[in-house]
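For reference, the structure is listed below as structure tokens.
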Amino acid sequence: APPQYGAPPQYGAPPQYGAPPQYGVPVAAAATARRGAPLGALLALAGGAVAAGSVALPWLTTGGTSFRTAMDAMSNFGVLANGYYLLGGGIVAAVAGLALLLKLAPKLGSLLAILAIVGGGLAIGVEIDAYNYVNPIITTYGYGFSSGLAIGYGIYVGMVGGVVAVLGGLAALLRK
């Protein structure tokens with residue numbers, strides 16, 4: 001005869017663990033996914049920093065050495081090709097990008113994005129005016145190896161930084 005084990009043991013009611021688990025994207029992750037990555041803030045920060053840093057790069061070179069930089073052009077405030085304006089525009093764009101990135105003023109996001117656009121635009125304007133200032137000097141004395149004069153890479157670096165800052169500000173503004 002088979003062995004008799006008796007009635008199964010009684011353990012009582014099943015334990016209560018609260019609400020059933022929710023299977024889905026957590027709320028914080030969903031909010032981040034909706035807003036997207038802070039690409040605009042990063043671009044504004046990087047572009048502004050590059051534009052501000054380009055103040056020490058050459059605008060005009062001769063024989064491979066720096067002849068005129070934005071730092072040299074800091075005394076004449078009546079001309080847009082002034083290193084202070086370039087430095088100011090780059091710093092404004094970089095600080096606005098940093099504030100956007102760190103979400104220091106979430107309600108002022110649009111204003112910060114506009115500041116990044118304005119700072120980058122100022123850097124672009126300074127570099128265009130610097131190009132228009134340097135180009136006649138070179139055409140007067142000649143291009144290339146014969147005179148040794150050339151447009152310095154600082155103009156192009158600052159202009160690229162300004163463009164990146166403007167694009168970052170636009171991306172941050174349009175993300176809203």
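Residue indices begin at 1 and follow the sequence shown.
- Asn135 CG to Ile151 CD1: the interatomic distance, rounded to the nearest 0.5 Å, is 4.5 Å.
- Looking at Val92 and Val118, their side chains never come closer than 4.5 Å, going by heavy atoms from C-beta outward.
- Side-chain heavy atoms closer than 4.5 Å link hydrophobic residues (I, L, V, M, F, W, Y) into clusters, and following such links, even through other members, never connects Leu101 to Leu167.
- Considering all non-hydrogen atoms of both residues, Gly158 and Glu127 come closest at CA-OE2, 3.4 Å.
- Between Leu100 and Ala172, the shortest heavy-atom distance links the atoms CD1-CB, 3.8 Å.
- The side chain to side chain contact (heavy atoms under 4.5 Å, CB included) search around Val164 returns Leu43, Val160, not counting sequence neighbours.
- Contact between Ala116 and Gly169 at its shortest, heavy atoms only, is CB-CA, 4.0 Å.
- The same ILVMFWY cluster, assembled from side-chain heavy atoms under 4.5 Å apart, contains both Tyr156 and Val126.
- Considering only residues two or more places apart in sequence or on other chains, Ala123 meets the side chain to side chain contact (heavy atoms under 4.5 Å, CB included) condition with Ala51, Leu86.
- Criterion: ILVMFWY side-chain heavy atoms under 4.5 Å apart, direct or through other members. Under it, Leu60 and Ile128 are part of a common hydrophobic cluster.
- Rounded to the nearest 0.5 angstrom, Ser110 OG and Leu115 CG are separated by 11.0 Å.
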Step by step, work out the side-chain contact (heavy atoms from CB on, under 4.5 Å) result for Trp59 and Tyr131.
-> CA-CA 8 Å; Trp59 281 355; Tyr131 181 85; over 6 Å; no

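- Linking ILVMFWY side-chain heavy atoms closer than 4.5 Å, directly or via other members, places Val166 and Leu98 in two distinct hydrophobic clusters.
- Note that the CD1 atom of Ile114 and the CG atom of Leu108 stand 11.0 Å from one another [nearest 0.5 Å].
- Under the 4.5 Å side-chain contact rule for hydrophobic residues, Leu122 and Tyr133 share a cluster.
- Between the OH atom in Tyr85 and the CG atom in Leu80 there is a gap of 7.5 Å [rounded to 0.5 Å].
- In this structure the side chain of Pro38 reaches within 4.5 angstrom of the side chain of Arg175, judged on heavy atoms.
- Ala44 and Gly97 get closest at one heavy-atom pair: CB-CA, 3.8 Å.
- For the side chain to side chain contact (heavy atoms under 4.5 Å, CB included) test, residues two or more places apart in sequence or in another chain that qualify with Ile91 are Ala52, Leu87, Val95.
- In terms of the side chain to side chain contact (heavy atoms under 4.5 Å, CB included) criterion, residue partners of Ala99 (sequence neighbours excluded) are, by chain and number, Leu104, Leu112.
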